[in-house]
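Just so it is clear, the structure is predicted and the values come from calculations on it, not from any experiment.
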Amino acid sequence: MDTVELFKQRLSLLAEINRLSDFKCTDDSAYRAIGIKLEENIIAIRALRVPSEVPKPKPIVQPVKTEKHESKGEKMTKQLTVETYHELKAQGFTDSAIRKQIGIDNNKLYKFKQENGLIRAYDKPDKKEKATPTLREKEVKAPKIDTDRISILEKELSDFKAQLKDALSFIESLKTENATLNEQVWGGRLQMLYAKQAELENFIADKHGIAIHDYLNEQQLAILVELAESANEWQGFKYWKLKKDVDREKLLEETVDVLHLILARGIVLGWKVATVKAYKTVSITMQYKSLMQKIANDEESQKTYALAFNMYIGLVEMLGFTWQEVETAYAKKHQENIDRQHNDY
């Protein structure tokens with residue numbers, strides 16, 4: 001994957017984090033998974049920018065070939081002269097190597113060096129002991145700093161800040177673009193549904209002489225009941241049941257009944273939504289549970305209502321229905337509800 005693709009992937013991950021934050025997602029696993037991918041992305045980009053160093057091959061040192069003398073003992077001692085000793089030392093031989101080369105023991109070599117004034121002739125000079133630095137010298141001496149590494153890190157940090165700024169700007173532009181497109185697509189369709197539902201709610205209030213606002217608790221419970229009936233038709237939570245013959249039309253009908261009541265609640269509280277964006281959890285079971293918890297929350301607000309509507313849209317998609325199917329089923333049930341009121345239902 002090249003650098004452009006990696007940056008696109010990073011922007012997509014940042015946009016996903018922003019989406020989860022907008023909906024106040026409490027699923028830590030979702031953030032953790034995105035965090036892991038984002039970390040892998042950063043490592044991959046860094047790897048493309050900093051080429052790996054190819055270690056240089058070490059030079060091969062050819063060993064110095066020396067001819068070994070076959071004779072040993074007193075005979076070889078006669079061959080060790082001062083000139084021979086100096087020649088071997090000039091070739092880099094140590095005293096131990098010379099002993100093996102000539103074939104004499106350590107005592108004889110030492111005696112030879114003593115007799116010819118060669119003791120300590122080739123010894124390495126003693127290293128001068130460094131004076132212990134004073135306290136003032138320790139204070140003044142600055143620690144060694146890898147300025148090149150610091151410069152690289154500062155450059156990477158600066159680049160990352162610039163990339164983050166660009167990513168945030170890109171996300172904001174996506175938000176604006178998405179909101180505009182969402183309103184164009186959903187605005188008219190949702191307003192039509194709210195208008196139809198308001199017609200039914202006003203008809204019920206006039207016919208029965210009641211104020212719907214006085215029945216908010218009953219309306220809230222009704223939504224939970226309809227959600228339970230929808231889940232019962234889905235049957236996915238019934239782990240004890242092997243044969244789950246789902247009636248798709250019946251499931252669609254029960255799911256659309258939930259929409260009637262969600263629209264009605266938005267009308268009575270004055271919380272109509274103009275745009276929607278499907279919000280989904282990890283499974284259909286969790287989608288039902290999360291939506292029920294959101295509806296049952298007594299601390300309702302326009303924001304929680306909008307989130308509940310988005311979760312309903314997500315449930316519809318997870319159940320395999322299109323919005324066109326939902327609208328068609330809604331229109332059919334709406335007329336049925338109107339007829340029921342005329343017939344004193």
* To do: Would you kindly confirm whether Y239 and V246 end up in one hydrophobic cluster when ILVMFWY residues are joined by side chain heavy atoms under 4.5 Å apart?
  => yes
* Asked: Taking all non-hydrogen atoms of both residues, which atom of V273 and which atom of Q191 are closest, and how far apart?
  -> O-NE2, 4.0 Å
* Side-chain heavy-atom pair F237, I284 within 4.5 angstrom cut-off -> no
* Asked: Just by modelled atom types, is the K165 backbone N or O under 3.5 Å from a matching donor or acceptor in the S169 side chain?
  -> yes
* Structure fact -> Partner of E327 under salt bridge (charged side-chain N to carboxylate O under 4.0 Å, His left out), picked from R189, K333, K196, is R189
* Given the rule in the side-chain contact (heavy atoms from CB on, under 4.5 Å) test, do Q341 and I204 qualify, once you have shown the distances and angles that lead to the verdict? -> CA-CA 7 Å; Q341 294 299 320; I204 292 173; 3.8 Å; yes
* Got a salt bridge between E156 and K161, using NZ or NE/NH1/NH2 to carboxylate O under 4.0 Å? -> no
* To do: Give a yes or no on whether Y215 atom OH has more than 12 heavy-atom contacts from other residues, nucleotides or ligands under 6.0 Å away.
  => no
* **Min side-chain heavy-atom separation V256-L252 under 4.5 Å** => yes
* Would you confirm whether Q287, through its side chain, and Y279, through its main-chain N or O, come within 3.5 Å as a donor-acceptor pair? => yes
* Carboxylate-amine/guanidinium proximity below 4.0 Å for E254 and K250 -> yes
* To do: With rounding to the nearest 0.5 Å, note down the distance linking CG in D257 to OG in S230.
  => 9.0 Å
* **Audit row: Q220, I295, side-chain contact (heavy atoms from CB on, under 4.5 Å) steps and yes/no** => CA-CA 7 Å; Q220 188 179 38; I295 295 297; 4.2 Å; yes
* Minimum side-chain heavy-atom gap D95-Y110 below 4.5 Å -> no
* Apply the test salt bridge (Lys or Arg N to Asp or Glu O under 4.0 Å) to residues E336 and K332: give CA-CA distance (whole Å), side-chain angles for both, the deciding distance (0.1 Å), then the verdict. => CA-CA 6 Å; E336 183 180 330; K332 179 180 177 181; over 6 Å; no
* Can you tell me how far the CD atom of Q293 sits from the CG atom of N297, to the nearest 0.5 Å? -> 9.5 Å
* Given the rule in the salt bridge (Lys or Arg N to Asp or Glu O under 4.0 Å) test, do R248 and E325 qualify, once you have shown the distances and angles that lead to the verdict? -> CA-CA 11 Å; R248 193 174 187 276; E325 288 179 299; 2.9 Å; yes
* Hey, could you give me the OG1/NZ distance between T84 and K89, rounded to the nearest 0.5 Å? => 14.0 Å
* Side chains of I313 and F309: does their closest heavy-atom pair fall under 4.5 Å? -> yes
* **Over all atoms of both residues, closest heavy-atom pair of L259 and Y312** => CB-OH, 3.3 Å
* Cluster overlap M286 with L315, hydrophobic side-chain contacts below 4.5 Å -> no
* **L263 reachable from F203 in the ILVMFWY side-chain graph, under 4.5 Å edges** => no
* Heavy-atom neighbours of K207 NZ exceed 12 at 6.0 Å -> yes
* **Full working for side chain to side chain donor-acceptor pair (under 3.5 Å) between D339 and Q335** => CA-CA 6 Å; D339 295 339; Q335 188 57 50; 3.1 Å; yes
* Which atom of Q235 lies closest to which atom of D245, heavy atoms considered -> NE2-O, 3.3 Å
* **Over 12 foreign heavy atoms within 6.0 Å of NZ, K289** => no
* **ILVMFWY network linking L261 to L216, side-chain heavy atoms under 4.5 angstrom** => yes
* Asked: Considering residues, nucleotides and ligands other than K37, do more than 12 of their heavy atoms fall under 6.0 Å from its NZ?
  -> no
* Asked: Is it true that a side-chain atom of Y305 and a backbone atom of K272 form a donor plus acceptor pair closer than 3.5 Å?
  -> no
* Taking the side chain as every heavy atom from C-beta outward, state whether L307 and K294 have any atom pair closer than 4.5 Å. => yes
* Report the distance from atom OG1 of T255 to atom CD of E226, rounding to the nearest 0.5 Å. => 10.0 Å
* Asked: For the residue pair I267 and A198, what are the closest heavy atoms and their distance?
  -> CD1-N, 3.4 Å
* Asked: How about K244: does its NZ atom have over 12 heavy atoms from other parts shown lying under 6.0 Å from it?
  -> yes
* Find out whether W234 and T285 are in side-chain contact, i.e. whether some heavy atom of one side chain is under 4.5 Å from a heavy atom of the other. => yes
* Compare all side-chain heavy atoms of V268 with those of Q219 and state whether any distance is below 4.5 angstrom. => yes
* Would a 4.5 Å heavy-atom cut-off, applied to side chains only, mark L118 and F112 as touching? -> yes
* Without swapping roles, check the side chain of N232 against the backbone of A228 for a donor-acceptor pair under 3.5 Å. => no
* Answer yes or no: does atom NZ of K238 have more than 12 heavy-atom neighbours from other residues, nucleotides or ligands under 6.0 Å? => yes
* To do: Quickly, which of L227, N310, T281 forms a side chain to side chain contact (heavy atoms under 4.5 Å, CB included) with L291? Name it, please.
  => L227
* Asked: Going by an N to O cut-off under 4.0 Å, is there a salt bridge joining D105 and R99?
  -> no
* Structure fact -> In this structure, CD1 of I98 is separated from CG of L88 (nearest 0.5 Å) by 5.0 Å
* Parallel, tilted or perpendicular: ring planes of Y330 versus H260, cut at 30 and 60 degrees -> parallel
* To do: Would you sort out whether V225 and I223 count as a side-chain contact (heavy atoms from CB on, under 4.5 Å), showing the intermediate values?
  => CA-CA 5 Å; V225 171; I223 298 175; over 6 Å; no
* E40 vs I36, side-chain contact (heavy atoms from CB on, under 4.5 Å): CA-CA, chis, key distance, verdict -> CA-CA 6 Å; E40 293 174 349; I36 292 173; 3.8 Å; yes
* Distance (rounded to the nearest 0.5 Å) between Q114 CD and L109 CG -> 11.5 Å
* **Working for side chain to side chain donor-acceptor pair (under 3.5 Å), residues Q9 and E5** => CA-CA 6 Å; Q9 184 187 53; E5 292 298 325; over 6 Å; no
* Asked: Salt-bridged, R265 to E300, with N to O below 4.0 Å?
  -> yes
* Any side-chain donor near an acceptor of the partner, E87 and Q91, under 3.5 Å -> no
* Asked: When clusters are formed by joining ILVMFWY residues with side-chain heavy atoms under 4.5 Å apart, either directly or through shared neighbours, do I42 and L157 land in the same one?
  -> no
